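Given the structure is predicted, the values throughout are model-derived calculations rather than measurements.
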Number of protein chains: 2
Amino acid sequence: MATGRNHRPATRSRGIPEATVARLPLYLRALTALSERSVPTVSSEELAAAAGVNSAKLRKDFSYLGSYGTRGVGYDVEYLVYQISRELGLTQDWPVVIVGIGNLGAALANYGGFASRGFRVAALIDADPAMAGKPVAGMPVQHADELEKIISDNGVSIGVIATPAGAAQQVCERLVAAGVTSILNFAPTVLSVPDGVDVRKVDLSIELQILAFHEQRKAGEEADAEAASRKGPDGDMPAVMPA
Amino acid sequence: MATGRNHRPATRSRGIPEATVARLPLYLRALTALSERSVPTVSSEELAAAAGVNSAKLRKDFSYLGSYGTRGVGYDVEYLVYQISRELGLTQDWPVVIVGIGNLGAALANYGGFASRGFRVAALIDADPAMAGKPVAGMPVQHADELEKIISDNGVSIGVIATPAGAAQQVCERLVAAGVTSILNFAPTVLSVPDGVDVRKVDLSIELQILAFHEQRKAGEEADAEAASRKGPDGDMPAVMPA
DNA sequence: ATGTCTTTGTGAACGCGTGCACAAAGATAG
DNA sequence: CTATCTTTGTGCACGCGTTCACAAAGACAT
Ligand SMILES: NC(=O)c1ccc[n+]([C@@H]2O[C@H](COP(=O)([O-])OP(=O)(O)OC[C@H]3O[C@@H](n4cnc5c(N)ncnc54)[C@H](O)[C@@H]3O)[C@@H](O)[C@H]2O)c1
Ligand SMILES: NC(=O)c1ccc[n+]([C@@H]2O[C@H](COP(=O)([O-])OP(=O)(O)OC[C@H]3O[C@@H](n4cnc5c(N)ncnc54)[C@H](O)[C@@H]3O)[C@@H](O)[C@H]2O)c1
């Protein structure tokens, strides 16, 4: 994702739409749960309910992968787990580095959900000399000076940034220069990267603000319903622009 | 967001599209940075670059809020900060509770970015009796038994779930029953909620899997380019379905 | 073998979001 | 006051994603 670009123009990789790719992990999680309960087959209706999506959407999503269902029966759970895993690239091992081992970075390092799929934390990296060598989640933190060597030695292509916002762009550039081509960014900044590098962001603050917007709207609608008969339809908005 | 529904059918609140709402916090962040540098006005082109979006998109987004720009000049930074803050509901105080004070919950509690906008951590809640009373981020953890009282006493309408996946749905139901109408979910589960309750999810595992997909595709394209002349266009896929 | 019944896979319609391109607005200079 | 120049606000077209609705496919019973 390059500077200022946040939607993929023609990246329907092998014809698989981006929106579908984003839902495959959801299906995979639901299927894994079924697999653990030894359920042999599942219908699109049942699986869709478990994944929290529309069944027509699920069938269309699967149709991009191929015809893996059996009409009148449904989908073979184990087979579908394998197919989706393969499509997502989870049949191979993905070494990941986490940069910035503070509150959040340490929590991520301790997170078990990493290893559960093919992701393996290859190294924890921090710029603070006091952190170097300290064990976090049973793994010694390495100094940022080693970044390039770590990436190269372990063949890391996915990096997680959990540094303060001010350091994120610089860390990003070092990661990319060292060979990382996918970045998961937790710092509240827009990252600029060259073409061919994917960036996904997780931003708590943005999520909360979106919730606040809808929350305010709900409160406003209640108030509107109450005050509807008293005033005009327009609540309170200065029509003129100051300054 | 009700069970299985993940896009808002007719929620263009006052005509503001959901996609626009999701970008407003991005603009707000860029504008705040400009404001701190005492920049008086900014053009759509400059602001769009700072926020990492297309300038036409930015102008269209702002047009949903009203005509706040001046042709030939641009937008007044301070005024726009105020308007967007107001639109997002950030001019008021939003008390938030965090449920599940483990690795992640503690990191969230320690996160400074919460208070920077109108969000205030009203309480930290955990089910573990050993946690009760223990200070985290300078605040005593309260036991889950107190959940309903805390929500009610503080007028909390936004809840953050950072419990294990198995507990999330149950915690969610208690939050909703107690009056919470917006939930930010970090647990890897699909939450079922009644109409009128918004759920947003943050899922590290899904983000990584999406990155892995594109990563695999990049690697595959390189391999394809290399092996293009040797084999047919279809790499390796069993055409038959087993079992 | 034939019929019934379930469920998939997909064609088609629709709506939303994006980005182009330009007319209108207003600032600024002469 | 007029001309020029910059930048906004938006009409329009296009493409993606979602959903409906149904024909085709196959399982299963008789
Ligand atoms: N804590 C949260 O819950 C939370 C939530 C959302 C977003 N964030 C964001 O995540 C980031 C980290 O948050 P945190 O609470 O862990 O902060 P923190 O201050 O606890 O940790 C940051 C760590 O990054 C290290 N660091 C600084 N510069 C570095 C560099 N150039 N290279 C390598 N390491 C470097 C620091 O030494 C420190 O250990 C911040 O950008 C924050 O805004 C945090
Ligand atoms: N740690 C991460 O980086 C990370 C990343 C992504 C997702 N997650 C998810 O976030 C959640 C929390 O992760 P974690 O690493 O902090 O786990 P954790 O086990 O460290 O913490 C979970 C906490 O929730 C508490 N809890 C359990 N049941 C509860 C209940 N019914 N009510 C209130 N509290 C309850 C536990 O006592 C514990 O303190 C998990 O669902 C995990 O999958 C974590």
Dump every N/O contact between nucleotides 12-14 of chain C and the protein below 3.5 Å, one line per pair.
| unit_1 | atom_1 | unit_2 | atom_2 | d |
| --- | --- | --- | --- | --- |
| C:dA12 | N6 | A:K60 | NZ | 3.2 |

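Between the side chain of A:W94 and the main chain of A:R117, no donor-acceptor pair closer than 3.5 Å is present. For A:E215 (side chain) and B:D198 (main-chain N/O), no donor-acceptor pair under 3.5 Å exists by modelled atom type. Put simply, the side chain of B:Q169 gets close to the backbone of B:S192: a donor and an acceptor are under 3.5 Å apart.
Rounded to the nearest 0.5 Å, atoms CZ (A:F114) and CG (A:L108) are 5.5 Å apart.
Between B:S44 and D:dT7, a side-chain N or O to OP1/OP2 separation shorter than 4.0 Å is absent. Phosphate proximity of D:dA21 to A:R59: absent, as no side-chain N or O sits under 4.0 Å from OP1 or OP2.
Nucleotide C:dT8 holds its P atom 17 Å from the OH atom of A:Y64, rounded to whole Å. Whole-Å rounding puts the A:D76 CG to C:dT8 P distance at 13 Å. Computed from coordinates, the A:L58 CG to C:dT8 C1' distance equals 11 Å when rounded to whole Å. In this structure, A:E45 atom CD and D:dT19 atom P are separated by 13 Å, rounded to whole Å. Residue A:E46 contributes atom CD, which lies 12 Å from atom C1' of C:dT6 at whole-angstrom precision. Rounded to whole Å, atom P of C:dG19 lies 5 Å from atom CG of B:N54. Atom CG in B:L80 sits roughly 11 Å away from atom P in D:dT8 (whole-Å rounding). Atom CZ in A:F62 sits roughly 10 Å away from atom P in C:dG9 (whole-Å rounding).
Between D:dT19, C:dG9, D:dG17, one nucleotide has an atom nearer to the side chain of A:K57 than all others, and that is D:dT19. Here the side chain of A:A56 is nearest to one of C:dT8, C:dA21, D:dC20, namely D:dC20. For A:S63, the side-chain atoms get nearest to C:dG9 when compared with the rest of C:dG9, C:dG19, C:dG17.
Checked against A:Q209 for a side chain to side chain contact (heavy atoms under 4.5 Å, CB included), the options B:L28, B:L24, B:L26, B:I84 give a single hit: B:L28. Evaluated for a ring-ring contact (aromatic ring centres under 6.0 Å, His included) with B:Y75, the options B:Y27, B:F62, B:Y82 yield exactly one hit, B:F62.
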* Structure fact -> Each nucleotide of nucleotides 23-30 of chain D classed B (base within 4.0 Å of a protein heavy atom), S (only sugar-phosphate) or -, in 5' to 3' order, makes -BB-S---

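Around atom OH of B:Y111, more than 12 heavy atoms belonging to other residues, nucleotides or ligands sit under 6.0 Å away. Around the CD atom of A:Q170, the shell of radius 6.0 Å holds no more than 12 heavy atoms that belong to other residues, nucleotides or ligands.
Counting non-hydrogen atoms under 4.0 angstrom, B:Y75 reaches the backbone sugars and phosphates but no base.
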* To do: Apply the test side-chain hydrogen bond (donor to acceptor under 3.5 Å, both in side chains) to residues B:E87 and B:Q83: give CA-CA distance (whole Å), side-chain angles for both, the deciding distance (0.1 Å), then the verdict.
  => CA-CA 6 Å; B:E87 198 67 54; B:Q83 288 298 341; over 6 Å; no

